[in-house]
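For reference, the structure is listed below as structure tokens.
The figures here come from the full heavy-atom set of this structure, side chains too, leaving out hydrogens, waters and symmetry mates. Whatever order the structure lists them in is the order used to number ligands and atoms, beginning at 1.
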Amino acid sequence: MAASIAEHGEDAFRKLFKQYKRRNPPPDFSEVINFSKPCKDKVFTCELNSAPIIEEDVSKAGLRPVKDWRAFGLHGYPGFIFICNPFLPGSQQYWVKQCLKIYPRKPNVCNLDMHMSSVETENIWEKSIDVIRRKGCGKGEPKTLLEKLRWVTLGYHYDWNSKTYSPDHYTPFPKELHSLSHKVAAACGFPGFNAEAGILNYYRSDSSLGIHVDESELDHTRPLLSFSFGQTAVFLLGGTKREDRPTAMFMNSGDIMVMSGPSRLLYHAVPCIVSAPAGNMLPPCLGQRLETEVQDDDIIQSVSEEDWDVCSWYLQTSRVNVTVRQVLASGQTFPDSQASHLSTDSCEKSEEGKNKKRKSESGYERDT
Ligand code: OGA
Ligand code: MN
């Protein structure tokens, strides 16, 4: 294998990544798995566990009853589960608003903090909507902070340079996202999942996310959950080695991916965003409104029309991905010296000679 990399100058993962990232001529998407119309030789139906889930409870988080979720596995990837948009009509709007308006707020950390003062990065939403509403965001206008947002970290804030989490850099994990994650993990066979860290990725239509493995968490027996909203992405799931040829799949708005068991530590990447054709800019599932009134004890709340106007404007050309991680096993604590040598995250973030400042700004290696 090593010889073949030397021969061809790049590994199978990088080759496919570059193929899907290419703009001219546009890539051929015919091999990309579409779980909404799954092909039987690669995909199988996955039975989820609705027993520990109280159906009323999942609906409070904006999810359909678990028995109605369309969940799939992929042959050759044990532990990988793909759930096709299990959200109730209208409920994605709440999660989108949290990602754009609430989660970028202090004390959470975002890429803009790396080169701006905390006064400047306070109220990203408020500062941006002012501009958006006043003069619109036509071409040639300076970008709003919202458009410059690339990542936000929650809970144990991931340190992009040392590739570690630290007990010294923790702020409370959003309880509604904890609750959503707890329910999804339980349905997938992981009761008691404790969301402790989140990385939100904000993709513009020309963004990509480099090839990496998420291994900085100290407990790898817990799954990694990934929620997608907005424009469709191509996701590449590889093997434990860069020479393993990855499988490409579409991730649409509302889709949830669970990487667990042997799939927890596989290479993966997002080579491109597949923007909707003009005139059809938001996936229909995002345009829906809630069918029932929210109750006081619901987790999700309705989104005001003026907030949704901004969210839908943003998502016409963007994708938001939320990854939720449990960092420690239950009862586990950080080792005394949570030093940088503890983790050797295989993320490609450090490739191509990027300096530390640049890496922190961009999070995972990405082009935007
Ligand atoms: C991550 C990640 C994938 C995505 O944040 O670790 O792999 O779909 N995200 O954006
Ligand atoms: Mn990842």
Side-chain angles (χ1 to χ4, degrees), residues 13 17 20-21 32-33 35 74 77 79-85 95-96 99 103 108-111 149-160 163-165 177 181 184 195-217 220 222-240 242 246-260 263-274 315 318-327 343 345-350 359-360 362-368:
F13 203 127
F17 182 89
Y20 283 115
K21 193 173 151 70
V32 183
I33 294 175
F35 283 95
L74 258 184
Y77 296 90
F80 175 82
I81 304 171
F82 192 102
I83 307 164
C84 286
N85 181 16
W95 295 107
V96 168
C99 293
Y103 299 152
N108 298 332
V109 181
C110 72
N111 62 301
L149 199 59
R150 291 293 171 268
W151 55 262
V152 164
T153 54
L154 311 171
Y156 287 117
H157 298 281
Y158 188 66
D159 182 325
W160 301 98
K163 296 168 187 163
T164 59
Y165 299 98
L177 185 56
S181 306
V184 170
E196 292 173 314
I199 298 179
L200 278 68
N201 296 293
Y202 299 83
Y203 296 82
R204 309 292 291 161
S205 49
D206 54 355
S207 306
S208 60
L209 180 70
I211 306 162
H212 67 280
V213 173
D214 293 288
E215 59 184 6
S216 300
E217 297 72 27
H220 296 149
R222 305 269 84 194
L224 194 138
L225 310 184
S226 161
F227 301 87
S228 291
F229 302 107
Q231 299 300 319
T232 296
V234 173
F235 182 83
L236 295 179
L237 181 65
T240 53
R242 290 277 297 253
T247 299
M249 61 197 86
F250 289 117
M251 291 197 70
N252 295 308
S253 195
D255 289 347
I256 302 177
M257 218 172 60
V258 177
M259 291 168 78
S260 70
S263 290
R264 174 66 179 75
L265 294 172
L266 298 182
Y267 279 105
H268 57 278
V270 176
C272 65
I273 301 299
V274 190
L315 285 185
S318 314
R319 166 179 187 253
V320 180
N321 171 257
V322 183
T323 58
V324 180
R325 302 118 193 273
Q326 178 167 338
V327 176
S343 168
D345 195 331
S346 318
C347 181
E348 235 187 25
K349 293 163 217 165
S350 58
K359 271 193 289 164
S360 309
S362 61
Y364 295 102
E365 182 199 337
R366 66 171 91 224
D367 294 321
T368 52

**Request:** Just to the nearest 10 degrees, tell me the angle at the Mn ion (ligand 2) spanned by H212 NE2 and D214 OD2.
**Result:** 100°
**Message:** Need the ligand 1 atom indices (1-based, order shown) with element for anything under 4.0 Å from a heavy-atom of H268.
**Reply:** 7 (O)
**Asked** In terms of atom number and element, which parts of ligand 1 are under 4.0 angstrom from non-hydrogen atoms of N201?
**Response** 1 (C), 5 (O), 9 (N)
**Complete:** Checking heavy atoms under 4.0 Å, the part of L209 that sits near ligand 1 is side chain
**Prompt:** Can you tell me if R319 and T232 form a side-chain donor-acceptor pair at under 3.5 Å?
**Reply:** no
**Message:** Only heavy atoms of D214, strictly under 4.0 Å: list the atoms of ligand 1 that pass.
**Reply:** 6 (O)
**Prompt:** For atom 9 (N) of ligand 1, what's the nearest protein heavy atom and its distance?
**Reply:** N321 OD1, 3.2 Å
**Message:** Ring-plane angle category for F229 and F227, please: parallel below 30°, perpendicular beyond 60°, tilted otherwise.
**Reply:** parallel
**Prompt:** For ligand 1, which atoms sit closer than 4.0 Å to a heavy atom of Y364?
**Reply:** 1 (C), 5 (O), 6 (O)
**Message:** Between Y364 and W160 (judged by ring centroids, cut-off 6.0 Å), do the two rings come close enough to count as a pair?
**Reply:** yes
**Complete:** atom 10 (O) of ligand 1: closest protein heavy atom, distance to 0.1 Å, is Y203 OH, 2.4 Å
**Prompt:** If you measure from each heavy atom of R319 to ligand 1, is any distance below 4.0 Å?
**Reply:** yes
**Message:** Tell me whether E215 is salt-bridged to R264, with the criterion being a basic N under 4.0 Å from an acidic carboxylate O.
**Reply:** no
**Prompt:** Is it the case that S216 and Y165 place a side-chain donor and acceptor less than 3.5 Å from each other?
**Reply:** no
**Message:** Under a 3.5 Å threshold, yes or no: a donor from one side chain and an acceptor from the other, between D214 and H268?
**Reply:** yes
**Request:** Assess R325 for proximity to ligand 1: is some non-hydrogen atom of it under 4.0 Å away?
**Result:** yes
**Prompt:** Going by the angle between their ring planes, with limits at 30° and 60°, are F35 and F80 parallel, tilted or perpendicular?
**Reply:** tilted
**Asked** Which atoms of ligand 1 sit under 4.0 Å from any heavy atom of V270?
**Response** 3 (C), 4 (C), 8 (O), 10 (O)
**Prompt:** Is it the case that Y202 and S318 place a side-chain donor and acceptor less than 3.5 Å from each other?
**Reply:** no
